[in-house]
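Numbering of residues begins at 1 and proceeds along the displayed sequence.
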Amino acid sequence: MDRDTRLKRLKFRSWHRGTKEADLMIGGYFDAHSHRWSDAEIDWYEEFIEEQDVDIMAWALQVQPVPPQFDHPVLHAMRAMDFVPVAPR
């Protein structure tokens, strides 16, 4: 499968998680970062996105330890993302 098709499939999976909170967190992260990913990062994300929403969100919010196979720079970037930007005053 070519890169564009893979990314389209991953975008759909990222935005259709089952809960609005997960859609916003995972889908929003995907939209902000996926265009910079290498093929190896896409490979990793394809495996990662199959995990349960509650686990992904807990790892991203650092309230649960991350299994070694998912302790990856892509997840580190998700942890650093500001999901609720503050409007300038």
Side-chain angles (χ1 to χ4, degrees):
M1 180 180 330
D2 68 31
R3 180 183 176 87
D4 287 339
T5 302
R6 289 174 75 194
L7 287 172
K8 285 177 188 175
R9 291 179 71 176
L10 288 171
K11 180 179 180 93
F12 182 86
R13 279 292 286 132
S14 296
W15 277 104
H16 295 87
R17 301 299 302 172
T19 65
K20 188 65 169 177
E21 294 84 358
D23 290 351
L24 291 170
M25 176 184 269
I26 300 166
Y29 173 77
F30 179 87
D31 285 353
H33 294 276
S34 63
H35 64 279
R36 292 177 250 181
W37 291 346
S38 67
D39 289 339
E41 290 169 321
I42 292 170
D43 291 342
W44 178 88
Y45 192 79
E46 283 174 328
E47 184 177 335
F48 176 72
I49 200 71
E50 294 302 318
E51 295 300 309
Q52 297 294 314
D53 296 350
V54 294
D55 293 329
I56 292 173
M57 293 174 72
W59 300 332
L61 296 171
Q62 301 183 52
V63 296
Q64 210 176 68
V66 180
Q69 72 269 28
F70 296 122
D71 190 13
H72 188 275
V74 172
L75 179 58
H76 300 176
M78 184 183 280
R79 286 178 163 177
M81 188 170 174
D82 184 3
F83 291 99
V84 186
V86 177
R89 293 178 184 217

Report the residues that fulfil side-chain contact (heavy atoms from CB on, under 4.5 Å) with A58, sequence neighbours left out, ordered by chain and then residue number. V63, Q64
Of all heavy-atom pairs linking R79 and A60, the shortest is CG-O, 3.3 Å
So which atom in E47 and which in Q69 form the shortest heavy-atom distance, rounded to 0.1 Å? OE2-CG, 4.4 Å
Measuring from atom CE of M78 to atom CD of Q62, what distance do you get when rounded to the nearest 0.5 angstrom? 12.0 Å
Tell me every residue that passes ring-ring contact (aromatic ring centres under 6.0 Å, His included) with W59, counting only those two or more places apart in sequence or in another chain. F70
Which pairs, with at least one residue in residues 3-13 and sequence neighbours excluded, count as a side chain to side chain donor-acceptor pair (under 3.5 Å)? D2-T5, R3-D39, R6-D43, R6-E46, K11-D31
Among residues at least two apart in sequence or on other chains, which ones pass side-chain contact (heavy atoms from CB on, under 4.5 Å) with S34? L7, F30, W37
Using ring-ring contact (aromatic ring centres under 6.0 Å, His included) as the criterion, list what pairs up with F12, not counting sequence neighbours. H16
Is it true that a side-chain atom of Y29 and a backbone atom of S14 form a donor plus acceptor pair closer than 3.5 Å? no
Say you draw a straight line from OG1 of T19 to CD1 of I26; how long is it, rounded to the nearest 0.5 Å? 7.5 Å
How would you list all residue pairs meeting salt bridge (charged side-chain N to carboxylate O under 4.0 Å, His left out) that involve residues 51-61, not counting sequence neighbours? R17-D53
Apply side chain to side chain contact (heavy atoms under 4.5 Å, CB included) to F48 and V74, showing your working. CA-CA 10 Å; F48 176 72; V74 172; 5.9 Å; no
